[in-house]
Amino acid sequence: MCAGDDANSLEQAAREFMGARSRLFGIAYRVLGSAAEAEDIVQEAWLRWQTTDRTDIREPTAFLATVTTRLAISCAQSARMRRESYIGPWLPEPVDTTSDPQLGAERAEVLDMALLFLLEKLNPVERAAYVLREAFNYPYQQIADILETSDGNTRQLVSRARKHLAAERREPVSSTAHQRLLKAFITAAQNGDLPALEEVLAADVVSYADGNGTRGASRIPVVGRPHVAKTFVAYAPRFWPGTDIRWVEANGRPAALVSAHGEPVALVTADVSERGIERVMWVVSPAKLAPYVASLRD
């Protein structure tokens, strides 16, 4: 093969890879809950694609999805050990979904922060099976081939994941209702309004602050309406003065970006059901907040 053929072959490989890239990132991100780790996985998939004998590969996207999923599972297995040393609650790294609302998927499911947070409780193989089925609508047999298991076992993996998530989470409300309650919560928190906070919080609400040791971030979840409401009332005089709120979108849901003196300090998201706010999630870790802020469109 001459140099020109090599160049044409690599150009074709690049076109095929870029055509699949959004899907590959979407798979890796959902399995890992980390945009940074997902980007690393996608880069590794590209390196492997360049050095693969592509002569007999008829479906490049299917091949690349298989490579990406397996790499993501391996990464998730090692990430579980790393997160044991994480300081305080771990939350998924938020992503701006305004330019790609479905993040490469055929379905927008399995994207919001609360669901990704719960997926972390599944083992990596269950997580991958669920993501491929629920977000990307892969047939069970294709998932089985990717995971190197049987069709029957794949169905069991997805079923177990569905049951676990159904037991952990109530049906979320519409985006409009979600934003209304989140705005009411932010206003009540700013004002230190205890009755208003109690009105929007579910009885067994949990508040998580992902700071990985950041000063001021609670290292343990705050549980229950009375405790959560009183905590935000106590924090009101110290946290909110001098802050500005920018309403943004994170993982397909409304979110509030809080800045103090022009510097972003927190992204506030929530899991909202008909009962009210089930989970409040504060991303204050600079390592997670900075990439999200940088990705926002002006």
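The figures that follow rest on heavy atoms only: side chains count, while hydrogens, waters and symmetry mates do not.
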Please check this pair: side chain of [X] against backbone of [Y], looking for a donor-acceptor N/O pair closer than 3.5 Å.
X	Y	result
Arg275	Ala203	no
His164	Leu119	no
Arg70	Ile146	yes
Tyr208	Ile220	no
Thr69	Thr66	no
Thr68	Ala65	no
Thr187	Ala184	no

Would Arg170 and Glu274 pass as an ion pair if we require N to O under 4.0 Å?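 A salt bridge is absent here (no side-chain N lies under 4.0 Å from a carboxylate O).
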Hey, is Asp204 close enough to Arg225 for a salt bridge, meaning N to O under 4.0 Å?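 Salt bridge absent between Asp204 and Arg225.
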Looking just at side-chain N and O atoms, do [X] and [Y] make a donor-acceptor pair shorter than 3.5 Å?
X	Y	value
Arg54	Ser9	yes
Asn251	Thr269	no
Thr98	Glu249	no
Glu106	Gln102	no

Please find the pair of heavy atoms, one from Thr97 and one from Gly252, that lie closest to each other, and give the distance.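 Scanning both residues completely, I find the closest heavy atoms to be OG1-N, 2.7 Å.
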Please evaluate residues Glu126 and Arg160 with respect to the criterion side chain to side chain contact (heavy atoms under 4.5 Å, CB included), reporting the C-alpha separation (whole Å), side-chain torsions for both, the decisive distance (0.1 Å), and the verdict. CA-CA 8 Å; Glu126 285 177 334; Arg160 283 202 302 268; 3.0 Å; yes
Would you check, one step at a time, whether the test side chain to side chain contact (heavy atoms under 4.5 Å, CB included) holds for Val205 with Arg279? CA-CA 5 Å; Val205 62; Arg279 294 176 180 85; 5.9 Å; no
Hydrophobic cluster identity match, [X] and [Y], side-chain contacts under 4.5 Å:
X	Y	value
Leu24	Leu111	yes
Val206	Trp90	no
Leu157	Leu32	yes
Tyr86	Val284	no
Phe117	Leu103	yes

Are the side chains of [X] and [Y] in touch, meaning some heavy atoms are under 4.5 Å apart?
X	Y	value
Ile73	Leu147	yes
Lys163	Ser159	yes
Ser273	Glu171	no
Asp210	Pro89	no
Leu296	Leu257	yes
Leu115	Arg169	yes
Pro124	Val31	no
Lys183	Ile245	no

Working note: Arg253 + Gln179, criterion side chain to side chain contact (heavy atoms under 4.5 Å, CB included); need CA distance, chi angles, decisive distance, verdict. CA-CA 8 Å; Arg253 287 287 186 171; Gln179 185 161 21; over 6 Å; no
For [X], look at atom [atom1] and say whether over 12 heavy atoms of other residues, nucleotides or ligands are found less than 6.0 Å away.
X	atom1	answer
Arg58	CZ	no
Glu199	CD	no
Gln50	CD	yes
Leu47	CG	yes

Is the terminal nitrogen or CZ of Arg127 (NZ for Lys, CZ for Arg) located under 6.0 angstrom from the six-membered ring centre of Tyr130 and within 45° of that ring's axis?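 No; the conditions do not both hold, so Arg127 does not lie above the ring face of Tyr130.
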Listing, residues 36-45 side-chain donor-acceptor contacts under 3.5 Å, not counting sequence neighbours, or none:
| from | atom 1 | to | atom 2 | distance (Å) |
| --- | --- | --- | --- | --- |
| Glu37 | OE1 | Arg83 | NH2 | 3.3 |
| Glu37 | OE2 | Arg82 | NH2 | 2.6 |
| Glu39 | OE1 | Arg21 | NH2 | 2.7 |
| Glu44 | OE2 | Arg48 | NE | 3.0 |

Measuring centre to centre across the rings, with the benzene-like ring taken for any Trp, is Trp46 within less than 6.0 Å of Phe25?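 Between Trp46 and Phe25, the centre distance exceeds or equals 6.0 Å.
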Ring centres of Trp282 and Phe239 under 6.0 Å apart?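 Here the rings of Phe239 and Trp282 have centres that are less than 6.0 Å from each other.
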Can you name the residues that form a ring-ring contact (aromatic ring centres under 6.0 Å, His included) with Phe63, not counting sequence neighbours?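 Counting only residues at least two positions away or on another chain, Phe63 forms a ring-ring contact (aromatic ring centres under 6.0 Å, His included) with Trp49.
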Measuring from atom [atom1] of [X] to atom [atom2] of [Y], what distance do you get when rounded to the nearest 0.5 angstrom?
X	Y	atom1	atom2	value
His227	Ser207	NE2	OG	13.0 Å
Ser259	Leu289	OG	CG	8.0 Å
Phe232	Asp193	CZ	CG	14.0 Å
Gln141	Ser150	CD	OG	8.5 Å

Pair Asp271-Ile277, side chain to side chain contact (heavy atoms under 4.5 Å, CB included): steps then yes or no: CA-CA 6 Å; Asp271 186 19; Ile277 294 176; over 6 Å; no
Return each pair, listed once, that meets salt bridge (Lys or Arg N to Asp or Glu O under 4.0 Å) where at least one residue sits in residues 131-147; pairs must be two or more places apart or across chains.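 Passing the test, one end in residues 131-147: Glu134-Arg162.
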